[in-house]
Amino acid sequence: MDRNGTPQLGRLQQLVPSISGFFTKLPLEKAFYIEDERRSISVRRLVAPSFNDIRLILNTAQALALAQSSTPLKLVTFDGDVTLYEDGKSLAQDAKVVPRLINLLSKDIIVGVVTAAGYNEPSGDKYYARLKGLIDAIVNDTNLTKTQKENFTVMGGESNYLFRYDDNKQGLLWVDPKEWLLETMASWDETDILNTLDLAQSTLKGLQKSLNLPAYVIRKHRGVGLVPNEGIKLSREQLEEVVLSTQKRLEISQSAQRIKFCAFDGGADVWVDIASKDLGVESLQRYFGNIKPNQTLHIGDQFSSVGSNDFKARLAGCTVWIANPEETVQVLDDLDKYMIEEEAFR
Ligand code: IMP
Ligand code: MG
């Protein structure tokens with residue numbers, strides 16, 4: 001149906017309307033046997049296969065497919081919060097994921113952090129603060145070449161600020177948008193961007209008042225957030241109400257329709273950002289010489305179909321949906337193992 005240009009008539013799409021395109025085949029049977037061994041799914045008598053069982057089978061199938069593909073994996077992008085480090089925390093030097101990221105770089109794979117966290121500061125200091133453990137490890141590594149080290153990038157604010165590791169600076173260097181900004185984004189009218197941010201700001205302020213939330217609204221260069229007061233945790237229902245109402249309000253704005261925005265529930269806060277992670281991943285693909293979606297993997301925690309920000313990355317490449325930083329480590333170990341096995345059979 002895809003090939004005929006009528007993907008909406010496919011059986012899978014009819015059963016799961018929110019399904020996206022597939023860039024690789026998925027060896028689901030093999031992946032099931034692997035996960036069954038780990039999770040004893042078929043041995044269970046009283047608990048049916050769960051959402052998490054299926055999520056992990058799909059992740060394993062995706063890792064297998066990328067390792068087995070004749071077109072090598074070239075770009076792996078990571079969400080920040082919950083994927084690389086705990087929500088709101090930073091990447092520590094002794095984090096288990098750090099040597100795994102260095103391992104990807106050593107295989108000439110480009111590593112990008114594609115995060116919503118938006119800091120409009122050319123110094124890159126705030127991103128350094130959050131990724132210090134990894135950046136220091138890259139600086140001190142004696143096995144990686146200069147090129148491999150400079151294959152580390154950070155795309156902040158969904159798709160608004162690009163930084164690249166620079167060997168001379170031994171840190172992150174701001175990359176001029178002229179070098180990477182996609183034409184679609186370059187063509188957006190600044191007035192539409194500002195109108196969308198204004199509307200997001202007034203909508204979030206209105207919801208804070210009407211729902212009587214102990215929270216405040218922050219306006220940034222390319223995003224607006226509703227953040228809880230110090231020491232307060234907003235409930236899932238409060239966050240969802242805010243994200244769904246804001247999304248609905250923005251959808252009917254002419255200005256917002258002319259650009260792309262992303263409204264999401266960050267687990268503790270709600271944000272509306274200009275642009276989205278598909279554009280962030282696509283910008284990296286273009287910047288590094290037109291890497292294809294089937295050579296790209298994005299790993300993140302936010303893949304539910306509404307109010308999530310990694311969800312859009314599905315448009316630009318293959319994806320893996322993790323639930324915590326430990327699962328990210330597991331997926332990277334699996335991927336590494338499958339790539340080594342595949343190499344041995346070539
Ligand atoms: P991610 O998981 O790396 O995409 O980061 C999402 C989290 O970053 C949000 O839940 C916020 O807590 C935080 N954040 C900080 N600044 C921004 C911003 O400008 N836009 C969106 N999220 C932000
Ligand atoms: Mg996240």
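Values reported hereafter were calculated over all heavy atoms of this structure, with side chains retained and with hydrogens, waters and symmetry mates removed. We count ligands from 1, going down the list as the structure has it; atoms in each ligand are counted the same way.
No side-chain donor from either of E37 and Y33 sits under 3.5 Å from a side-chain acceptor of the other. Side-chain contact annotation: N103 with R100, donor-acceptor N/O pair under 3.5 Å absent. Using a 3.5 Å distance cut-off with no hydrogens or angles, the side chains of Q62 and T319 do not pair a donor with an acceptor. Judged by distance alone, the side chains of T296 and Q285 do bring a donor and an acceptor atom under 3.5 Å apart.
Clustering of Ile, Leu, Val, Met, Phe, Trp and Tyr by side-chain heavy atoms under 4.5 Å joins L64 with I34, Y338.
Screening residues 286-313 for ring pair (Phe, Tyr, Trp, His ring centres under 6.0 Å), with sequence neighbours left out, gives F303-W321.
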TODO: Show your working on side chain to side chain donor-acceptor pair (under 3.5 Å) between S276 and D278 and close with a plain yes or no.
DONE: CA-CA 6 Å; S276 46; D278 52 324; 2.5 Å; yes
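At a heavy-atom cutoff of 4.0 Å, ligand 1 is surrounded by D79, G80, D81, T115, A116, A117, G118, K220, F264, G266, D269, W271, D273, K277, N309.
Aromatic ring centres of Y127 and Y119 lie closer together than 6.0 Å.
Taking a cut-off of 2.8 Å, the protein N, O or S atoms nearer than that to the Mg ion (ligand 2) are D79 OD2, D81 O, D301 OD1.
Distance alone, capped at 3.5 Å, places no donor-acceptor pair between the D81 side chain and the D87 backbone.
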